Amino acid sequence: MSRQDTSDIVFRRVLAIFPISILILVAGIFFQLVSASQLSLNKFGIGFLFTRVWDPVAENFGALPFIFGTCVTSLVALLLAIPIGVGAAIYLAEYAPPKVSKSISILVDLLAAIPSVIYGLWGIFVLVPYMRSSVQPFLGKYFGFLPFFQGPNYGVGFLAASIILAIIIVPFIISVSREVILAVPSVYKESAYALGTTRWEATFDIVLSYGRAGILGAVILALGRAIGETMAVTMIIGNNVIITPSLFSPGYTLASVLANEFTEAVSNLYLSALIEIGLVLFLLSIIVNILARLLIWSVTKGPTEAVK
Amino acid sequence: MKEIIHTSFERTRFQRAMWDRAMVFIVLLCAIAILLILFIILTHLFIQGMASLNLDFFTHLPKPVGENGGGMANAIAGSFTLLGLAVLVGVPIGLGAGVYLSEYAHLKFAQVVRFMADVMNGIPSIVYGIFAYIVCVLPMKSFSALSGGFALGIMMIPMISRTSEQFVRMVPSQLREAALALGIPKWRVIVDIVVPSALAGITTGIMVSLARVAGETAPLLFTAFGNRFWQHSLTQPIAALPLQVFTYAIAPYDDWHRQAWAGAIVLILMVLLINGWAQYYVMCRSRWSAGK
């Protein structure tokens, strides 16, 4: 029987307002960003993304230094977070006794719940002095032949921001990777053991290969988080518009220039340029996020619950 | 003459066992590294914060720049105000969307909405701040608590939608079928029976997203903007705890740094308490309903 009461039809139509609001919101955010950055879009066009100059006085704006800063900090953060995150996930999924695994997972969730402004606070007063006094001189002395570890040592800069970003994104990598590894059918591991592999060989060569897409998805999701991370990065990146290979150098990212300069934008063009940076950030994070979710879905056969 | 092709299985058994042992140790180190970092951060937070936390902090307003003392009473109150506003914005839309997505999940439209909600989750929080700025602050020509609450509220929508959908789905179909067999129209079943059964989980989801949003600073930077005094009007700038912590942390005054640590401890206690209460609530209710 497919007869429906009119009241049912009415209810469904009325209730549909709420999910439609979600669609309207996403579209609305996009269109408002585009329309508010019209001034800047018209004046600079696509060259905005490739211009190194950011001069509020002469009203000449370009986003390249910030795109550079966002890319550098995110990439270095991933380089640091992936080995440790996937390693910890392997430990939790394969080797740890269930009770230990559960308690460590709760602690990892605790790490994920810490607001980023608190990470920034810790970064300013603990991490940065430590970088300035110990880590960066050490790196400069032994690895100074690399362009990454040259330059004056302020403590704040790309390296400090990348480290704190790595700490922020590692819980996401751990929780999603752990789920991906647990989702691998045990039949694969059993066949591997039957062939005489050691535990590590079974995990690394077989489970990880099967879960490769999902872990890649976790990594890209973490990348999306890293791109948008504002407060902690703003507090320790040093606020310097520059493109340089030196990791010791203070720099700037897309999100932190917004945080710092938005309320100080004195002219309409300045504000419009900043909003255009917001638009770039918006589009970048959407693309990265969609990519990540498609990858994760392909392995765990459905949206995972750990992804927050 | 045998040709020796070097694959990993051509190593001696001893080498493979050693490698296995080594890698177990290494992944254990990774897990320990994470715990160590957590421990270091929490220890610093606790030591620095507890030293500065006193009754003044909770009851006084910020002192003028350069003077010692004062507190963050207005920031704490402001945070609660903003969270209240956020709930007003986020819960109706999130809950409505969640109920729709679970009850009419077979429709293509529902899948599109679900995907969009996931996309919303990934948008950086500062972009929400810009959106709220364009939509609320510019027309009102002033920073305000309303715009801050709006920004936080729309951030909550995808999270509330996802958890509401999840918990409404979990209501056993026997309940729905029994109600429908009695001749109750589907919409009544949803409103009067299904949603009230899922209410515990839905409330938990709302609490968890509230905890998430309580710590956000970026969307408030140019919506709520911050305020040094008590605020009774929703159309004026208002202080908020994470915002105050940020302002004090980057300032050059030692006393403000001290207060920033205290604020940070209060903030994280707030977040943990809301989260912990939500988990506890779920545990209690599930034990209660399992005993039925």
Side-chain angles (χ1 to χ4, degrees), chain A residues 5 7-8 11-12 15-19 21-23 25-26 29 32-33 36 84 87-88 90-92 95 104 107-108 110-111 113-115 117-118 120-122 124-126 167 170 174 198-201 224 227-228 230-231 235 255 258-259 262-263 275 278 281-282 285-286 289-290 293 303, chain B residues 8 16-17 19-20 23-24 26-28 30-31 33-35 37-38 41 44-45 93 96-97 99-101 104 113 116-120 122-127 130-131 134-135 154 157 161 185-187 211 215-218 221-222 242 245-246 249-250 257 260-261 264 267-268 271-272 275:
Chain A
D5 283 345
S7 58
D8 270 338
F11 178 74
R12 200 179 86 200
L15 191 63
I17 291 179
F18 297 109
S21 309
I22 293 186
L23 295 181
L25 262 174
V26 177
I29 294 178
Q32 288 290 358
L33 285 175
I84 299 186
I90 292 177
Y91 175 74
L92 289 177
Y95 292 100
I104 296 187
L107 290 174
V108 166
L110 180 60
L111 207 55
I114 297 180
V117 69
I118 296 185
L121 186 64
W122 178 80
I124 294 183
F125 295 118
V126 179
I167 298 176
V170 101
I174 292 180
T198 62
R199 198 149 177 204
W200 171 255
E201 281 164 355
I227 288 177
T230 315
M231 298 320 296
M235 288 160 99
L258 283 173
F262 202 86
T263 44
I275 295 185
L281 199 56
F282 175 74
S285 65
I286 285 195
N289 221 268
I290 292 181
R293 292 194 187 260
Chain B
S8 66
R16 288 165 55 206
W19 194 238
D20 184 54
M23 290 316 286
V24 176
I26 290 182
V27 292
L28 179 61
C30 292
I34 308 285
L35 294 179
I37 293 173
L38 180 65
I41 295 180
H44 270 114
L45 192 57
I93 302 182
V99 169
Y100 185 92
L101 287 178
Y104 304 103
V113 171
M116 277 297 142
D118 278 343
V119 160
M120 262 184 96
I123 298 178
S125 54
I126 199 163
V127 172
I130 300 181
F131 179 64
I134 299 174
V135 164
I154 57 182
I157 289 176
S161 163
K186 182 168 180 186
W187 71 271
E216 286 290 339
T217 322
L221 285 172
F222 22 86
V245 170
F246 173 64
I250 58 177
H257 296 165
W261 282 109
L267 184 59
I268 196 157
V271 169
L272 290 180
N275 258 324

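Just so it is clear, the model here is predicted, and its values are computed rather than measured. Per chain, numbering begins at 1; letters A, B, ... match sequence-line order.
- In this structure, chain B has a heavy atom under 4.5 Å from the side chain of I124(A), while its backbone stays farther away.
- Between F131(B) and L25(A), the closest side-chain pair of non-hydrogen atoms falls below 4.5 Å.
- When all heavy atoms are compared, the tightest approach of W187(B) to S7(A) is NE1-OG, 2.9 Å.
- Of the two parts of L35(B), only the side chain, counted from C-beta on, holds a non-hydrogen atom closer than 4.5 Å to a non-hydrogen atom of chain A.
- Summarising the geometry of S285(A) relative to P124(B), their closest heavy-atom pair is OG-CD, 3.1 Å, with the distance given to 0.1 Å.
- In this structure the side chain of V26(A) reaches within 4.5 angstrom of the side chain of M120(B), judged on heavy atoms.
- Side-chain atoms of L272(B) and L110(A), non-hydrogen and from C-beta on, do get closer than 4.5 Å to each other.
- Taking CG of D8(A) as the start and NZ of K186(B) as the end, the distance is 7.5 Å to the nearest 0.5 Å.
- Looking at I114(A) and L38(B), their side chains come closer than 4.5 Å, going by heavy atoms from C-beta outward.
- Under the 4.5 Å side-chain criterion, counting only non-hydrogen atoms from C-beta, L221(B) is not in contact with T263(A).
- Checking side-chain atoms of N289(A) against main-chain N and O of V119(B) turns up no donor-acceptor pair under 3.5 Å.
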Q.
side-chain contact (heavy atoms from CB on, under 4.5 Å), that's the test. Do L33(A) and V127(B) meet it? Break it down for me.
A. CA-CA 9 Å; L33(A) 285 175; V127(B) 172; 4.0 Å; yes
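- In this structure, CD1 on I34(B) lies 4.0 Å from CD1 on I174(A), to the nearest 0.5 angstrom.
- Taking CD1 from I37(B) and CD1 from I84(A), the interatomic distance works out to 6.0 Å, rounded to the nearest 0.5 Å.
- Between A97(B) and I22(A) the shortest heavy-atom distance is CB-CD1, 3.7 Å.
- The part of I134(B) that comes within reach of chain A is its side chain, from C-beta onward, which places non-hydrogen atoms under 4.5 angstrom from that chain.
- At least one side-chain heavy atom of Y104(B) sits under 4.5 Å from a side-chain heavy atom of L15(A).
- Put simply, CG on L28(B) and CG on L92(A) are 10.0 Å apart, with the number rounded to the nearest 0.5 Å.
- The residue among V271(B), D20(B), I268(B), V113(B) with the most heavy atom pairs within less than 4.5 Å of chain A is D20(B).
- Contact record, M235(A) with A249(B): CE-CB, 3.6 Å, taken as the closest heavy-atom pair.
- Contacts between I26(B) and chain A at a heavy-atom distance below 4.5 Å are absent for every atom of the residue.
- Of all the listed residues (A88(A), G228(A), A36(A)), the one sharing the greatest number of non-hydrogen pairs under 4.5 Å with chain B is A88(A).
- Here P19(A) is the residue among P19(A), A16(A), G87(A) with the most heavy-atom pairs under 4.5 Å with chain B.
- Contact annotation for Y100(B): both backbone and side-chain heavy atoms come within less than 4.5 Å of a heavy atom of chain A.
- Residues T198(A) and W19(B) are not in side-chain contact: their nearest non-hydrogen atoms beyond the backbone lie 4.5 Å or more apart.
- Taking 4.5 Å as the limit, every side-chain heavy atom of P115(A) sits out of range of all side-chain heavy atoms of P242(B).
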(Q) If you apply the rule side-chain contact (heavy atoms from CB on, under 4.5 Å), what do you find for L121(A) with W261(B), and how did you get there? (A) CA-CA 8 Å; L121(A) 186 64; W261(B) 282 109; 3.8 Å; yes
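- Distance CD1/I118(A) to CZ/F246(B): 14.0 Å, rounded to 0.5 Å.
- With rounding to the nearest 0.5 angstrom, the CD1 atom of I130(B) is 10.5 Å from the CD1 atom of I29(A).
- In this structure, the portion of L45(B) lying under 4.5 Å from any heavy atom of chain A is its side chain and not its backbone.
- Using a 4.5 Å cut-off between heavy atoms, I123(B) contacts chain A through both its backbone and its side chain.
- For the residue pair V27(B) and W200(A), the shortest heavy atom distance occurs at CG1-CZ3, 4.2 Å.
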